[in-house]
Amino acid sequence: MLDNPNEAILPDFTTVEYATARARLIARGLANEEAAAEALETIWTFNNDAAKDAWAEQAEIELRQAQEARRVAAEQEQERQQALEDELIAARKEEHKKNKAKFVPVSTAKIPTIPIVIPSHYAVRKLKTGDYCELFYFTNKGLSEAKKNLLSTEPQGLILVPGTDGQQMWVNADETRDSKTVIIKDENLSWEEFNKAAPRMITAM
């Protein structure tokens, strides 16, 4: 059904256009033109009501079909999205297997704001044994010398030094005082050097 019967307009069956239809009804026993026109109106109204019922049923069927189509489309889209997600998860797992180092968690720890003090091995050994150690090794210059020795690629051998009990002991060469380094005595340090070196030594202890 293409035309909506709810929009149909009742014709005027008393016009010349419907004279033939009225004549047929009169020939079948209706009294006059007026009765024939009324009969035509009744027949039209009956047919229009039936058409309205059919139209409503058709609209309901089309609505259910449209709802079902949307449901099926939504399910298909959901299945498509799930398939894509499963494919991405599988791809990520495969990528993790192939490149484990690429996915190492990044630490959220804050970058230290206090510089790390790394004194020479000689100064560390002195502190460990409880022997006197010059503050020079904790000044900027002393730490710079220690850094250069630490980064040196030259092999370090073992040498004999007297221990705390008077016995000779083997130690790494970098744990002894470097004869090339000019050591500034504590009393000859500037106040600036002293104020920087003293806290560093306390921290190292």
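It should be emphasised that the depicted structure is a prediction, and the values quoted were computed from it without experimental measurement. Values reported hereafter were calculated over all heavy atoms of this structure, with side chains retained and with hydrogens, waters and symmetry mates removed.
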Are more than 12 heavy atoms, taken from residues, nucleotides or ligands other than [X], located less than 6.0 Å from that residue's [atom1] atom?
X    : atom1 : answer
N195 : CG    : yes
Y18  : OH    : yes
E77  : CD    : yes
Y132 : OH    : yes
R64  : CZ    : yes
Q81  : CD    : yes
E57  : CD    : no
E87  : CD    : no

Pair E7-D3, side chain to side chain contact (heavy atoms under 4.5 Å, CB included): steps then yes or no: CA-CA 8 Å; E7 299 175 354; D3 297 328; over 6 Å; no

Using the rule that two of Ile, Leu, Val, Met, Phe, Trp, Tyr join whenever any of their side-chain heavy atoms come within less than 4.5 Å, decide whether [X] and [Y] are in one cluster.
X    : Y    : answer
W55  : W44  : no
I26  : I43  : no
W191 : M201 : yes
V124 : F136 : no

Heavy-atom closest contact ([X] atom, [Y] atom, distance):
X   : Y   : result
T15 : R22 : O-NH1, 2.7 Å
A35 : L30 : O-CD1, 4.0 Å
A8  : N48 : CB-ND2, 3.7 Å

If I take atom [atom1] from residue [X] and atom [atom2] from residue [Y], how far apart are they, to the nearest 0.5 angstrom?
X    : Y    : atom1 : atom2 : answer
I202 : L127 : CD1   : CG    : 11.5 Å
L135 : D186 : CG    : CG    : 4.0 Å
K196 : T139 : NZ    : OG1   : 10.0 Å
L10  : L40  : CG    : CG    : 10.0 Å
L143 : R200 : CG    : CZ    : 5.0 Å
N188 : E134 : CG    : CD    : 11.5 Å

With a 4.5 Å limit on heavy-atom distance, are the side chains of C133 and F138 in contact? yes

Heavy-atom donor-acceptor pair, T45 side chain to E41 backbone, under 3.5 Å: yes

Output, in order, the C-alpha distance, side-chain angles, deciding distance and verdict of salt bridge (Lys or Arg N to Asp or Glu O under 4.0 Å) for R71 and E68. CA-CA 5 Å; R71 185 189 66 79; E68 179 65 15; 2.4 Å; yes

